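Keep in mind the model is a prediction, meaning the values are calculated, not measured. All heavy atoms count here, side chains included; hydrogens, waters and symmetry mates do not.
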Amino acid sequence: MREKAREPEDLTRLFVERSNAGDAEGVAELYEPEAVMAYPPGETTVGREAIQALWEQVLANRPRFEPEPPLPTLISGDIALTATPPADGTGARAQVARRQPDGTWLRLLDQPEFRPPR
């Protein structure tokens, strides 16, 4: 059984660990069944199954992800906003997570790449 996110900040760590292990199914399990991801750039991927299929393609190339220090998490009730500044200093990454009935957290919305407006 895979580790669950006990805190919203755990989601990013688990994402990096599972991606680097080539575990697309494990990455998809970090998302709610109807989650929306703004990826690939300019598109959206909707639903856990589609997110898993997307990550199967991405992880087939064996990319290496490095942990990024998180910005402070904002929590209101069962909703959290997490964000990290990319290591290359461009844009930002942000996710909305929701607390599940068992107290763990899953991503609901994921914007993995923000680019500054030109």
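- With a 4.5 Å cut-off on side-chain heavy atoms, Glu3 and Leu14 count as touching.
- Counting heavy atoms from C-beta outward, Glu68 and Arg93 have side chains that approach closer than 4.5 Å.
- Leu106 and Val27 fall into different hydrophobic clusters, defined by Ile, Leu, Val, Met, Phe, Trp and Tyr side-chain heavy atoms under 4.5 Å apart, directly or through other members.
- A donor-acceptor pair is defined here as one N or O able to donate and one able to accept, closer than 3.5 Å; no such pair exists between the side chain of Glu7 and the backbone of Ala5.
- Using a 4.5 Å heavy-atom cutoff, the side chains of Thr82 and Leu11 are not in contact.
- For the pair Leu81/Gln95, no side-chain contact is recorded, criterion being any heavy-atom separation below 4.5 Å from C-beta on.
- Between the side chain of Arg99 and the main chain of Thr104, no donor-acceptor pair closer than 3.5 Å is present.
- In Glu56, the CD atom is crowded: over 12 heavy atoms of neighbouring residues, nucleotides or ligands sit closer than 6.0 Å.
- Looking at heavy atoms from C-beta onward, Pro8 lies in side-chain contact with Ile75 at the 4.5 angstrom threshold.
- Looking at heavy atoms from C-beta onward, Tyr39 lies out of side-chain contact with Asp110 at the 4.5 angstrom threshold.
- Between Thr12 and Pro67 the shortest side-chain heavy-atom distance does not fall below 4.5 Å.
- A side-chain donor-acceptor contact under 3.5 Å links Asn20 to the backbone of Phe65.
- Between Arg18 and Leu30 there is a side-chain heavy-atom pair separated by less than 4.5 Å.
- Residues Gln52 and Glu29 have side chains that never bring a donor and an acceptor to within less than 3.5 angstrom of each other.
- For Tyr31 and Trp55, the ring centers sit 6.0 Å or farther from each other.
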